[in-house]
Amino acid sequence: MVDKITSLAEYFQKYQESVANPEGFWSNIAENYYWRKKWDRVLDWKFDGDGAPDVKWFVNGKLNITENIFERNMFMRKDQTALIWEPNNPDEDTLKFTYEELFDKVKQFANALKSLGVEKGDRVAIYLPMVPELAIAMLACARIGAVHSIVFAGFSASALADRIHDAKSKILITSDGGFRGAKSIHLKNIADEALQSCPTVEKAVVLHRTNEEHINWVEGRDVWWHDLIENASTENKAEEMDAEDMLFILYTSGSTGKPKGVVHSTAGYMIYSEYTFKNVFQYSDGDVYWCTADIGWVTGHSYIIYGPLLAGATSIMFEGVPTWPDAGRFWDIVDKYKVTHFYTAPTAIRALVAQGDEWVKSHDLSSLKVLGTVGEPINEEAWRWYHSMIGKGKCPIVDTWWQTETGGIMISPLAGITPTKPSLATLPLPGIQPILVDPEGNELKGNSVEGILCIKFPWPGMLRTTYGDHQRCYNTYFSSYRGLYLTGDGAKRDEEGYYRIIGRIDDVINVSGHRIGTAEVEDAINQHPKVVESAVVGYPHDIKGAGIYAYVICEELTDREMAGIENEIRETVNKFIGPIAKPDKIQIVSGLPKTRSGKIMRRILRKIGEGDATNLGDTSTLLDPGIVDTIINGAKVEV
Ligand code: 6R9
């Protein structure tokens with residue numbers, strides 16, 4: 001069993017150990033796993049130089065992550081509930097899977113995938129709603145050594161197609177549709193549209209979920225999930241994987257261009273996801289843990305599926321949304337399953353604060369022991385409400401900072417152990433060596449400093465590459481400050497050495513905890529035939545944390561066209577990315593503040609979007625300084 005830290009003194013001691021002797025520290029933890037063959041060396045690494053980044057943990061070790069979820073836990077937990085599934089509609093039946101039942105389903109689907117010709121190393125795209133089959137499909141891929149690439153089911157056909165293309169996925173797993181609150185989304189139609197431009201996909205496996213009446217069917221390509229598993233055996237021996245074999249790809253937005261396929265490897269990710277899960281949440285046997293994320297994001301990968309199931313926990317998977325059928329839904333579920341650990345996003349907390357306290361007060365939340373947040377900075381007001389209204393002042397809050405690229409939580413309190421302060425992610429976990437630098441890359445030493453957050457030593461859960469383009473991985477994360485991993489976040493280290501994450505320093509907007517690249521939104525807006533150019537920035541938004549503000553130059557428009565243009569632009573973004581990237585505010589402008597070299601001065605647009613036209617800085621280098629006043633006058637906020 002992977003041991004948990006149990007006191008603050010022990011945390012400090014482990015932290016020191018992990019810095020003084022990282023290899024010893026992580027190999028001790030790795031001893032707790034089931035290896036087909038032990039590693040020869042614990043770590044080989046370089047962040048700079050030829051071929052960098054080059055990071056290998058547990059060199060030449062052989063294993064399968066599902067053997068560590070199932071076979072390793074089976075003796076103790078055969079009949080324990082592994083996964084509880086709560087449907088979108090509270091009147092529909094809940095499903096529960098013991099470790100043994102889930103194992104059988106995974107093995108069966110693993111065989112089904114094999115029968116379609118899926119082999120070790122093949123990429124499998126998964127585009128499913130939050131149903132148990134999503135968990136089964138991802139684990140079945142891991143079982144046979146196929147690489148899963150899960151695409152959030154809120155993404156559009158074009159975004160799905162881009163991701164399938166980039167990963168050259170051989171199979172797509174989807175469903176007829178998906179339920180979300182009062183809505184039902186016809187996923188198969190979206191998938192069909194995407195597949196028109198995806199020649200690598202040989203088969204599409206389709207799950208029955210919403211029983212859509214009209215299903216478009218491509219003979220020879222499409223196969224029903226239920227038909228596929230009908231004759232599949234539940235006997236399956238796991239594929240032997242190298243420690244560094246790819247486990248999954250997950251796409252995330254960056255500051256430029258198309259999303260990047262972040263690649264995670266097998267052994268390091270396995271060890272890191274379980275270790276962080278157990279330590280941060282202080283999960284104990286018998287606890288019921290619920291992370292409200294969607295498995296389409298990294299939080300769902302690491303903290304609904306891999307971390308909890310490796311740790312032998314009981315994990316809840318929820319298909320629906322916090323406000324349907326009413327704003328008490330989260331608390332209904334907490335009460336229904338006697339949830340002990342609850343992990344959600346600040347944006348959900350703020351949305352529920354806005355609905356009023358009555359929704360909370362009418363439920364029994366006394367089972368709760370630990371609360372968590374992830375995805376964006378939590379403002380003090382939301383933190384205090386979460387602490388007092390949900391946790392009744394007795395539950396520690398773990399404000400967990402991490403990223404798709406880090407694989408697991410990096411900076412966070414350990415629940416009940418690290419003294420917390422509202423809005424601070426507090427201290428690095430053992431094995432994590434953060435460093436703050438100034439824009440020139442000089443280290444900011446000591447406390448009470450603010451700078452760019454980097455990490456100076458490898459940790460097992462870190463990304464290994466960006467799929468199909470290793471140079472891009474280096475350029476994005478390792479080239480700005482040589483020898484350091486650049487997080488893209490700004491942070492402050494306070495007088496006590498606690499970290500407060502301030503937010504992105506690049507052109508990424510964190511909307512409701514989801515990363516949206518401004519360049520991607522601009523590319524989408526520019527697809528509209530009447531659009532000449534656009535510039536997108538974030539602005540403070542009460543619920544979402546950040547909203548999307550788009551400044552758009554159009555060709556000459558008639559009055560009628562003008563009246564419809566905002567909606568059309570939103571629809572265009574919806575089509576090319578999905579609803580999460582739709583701009584909240586669109587301002588049609590006659591020009592953008594550009595320097596003489598043609599660069600858009602986003603700083604100015606950000607200020608205007610924030611409603612602050614003071615201190616716009618030096619605008620004299622602009623090609624047309626007059627444009628600034630014109631934009632201020634037409635702004636969608638009081639400036
Ligand atoms: C896990 C996840 C990563 C970005 C990250 C940062 C922001 C995440 C945070 C936080 C402040 C926290 N972020 N957790 N900011 N406090 N506790 O969200 O991954 O979707 O890749 O986003 O989210 O800006 O760089 P991902």
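Counting starts at 1 for both ligands and their atoms, following the listed order.
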### Message
Could you tell me if R606 sits above the aromatic ring of Y539, with its cationic atom closer than 6.0 Å to the ring centre and no more than 45 degrees from the axis?
### Response
no
### Query
Could you give the distance from OG (S302) to CZ (F277), rounded to the nearest 0.5 Å?
11.5 Å
### Query
With sequence neighbours left out, what residues match N447 under side chain to side chain contact (heavy atoms under 4.5 Å, CB included)?
R493
### Message
Under the rule for side chain to side chain contact (heavy atoms under 4.5 Å, CB included), what residues qualify as partners of V147, not counting sequence neighbours?
### Response
R123, M246, I249
### Task
Could you tell me whether R603 atom CZ has more than 12 heavy atoms of other residues or ligands within 6.0 Å of it?
yes
### Query
Which protein residues have a heavy atom under 4.0 Å from ligand 1?
V298, T299, V374, G375, E376, P377, D399, T400, W401, W402, Q403, T404, D489, I501, R504, N510, R515
### Task
For H514, check side chain to side chain donor-acceptor pair (under 3.5 Å) against everything at least two apart and list the hits.
none
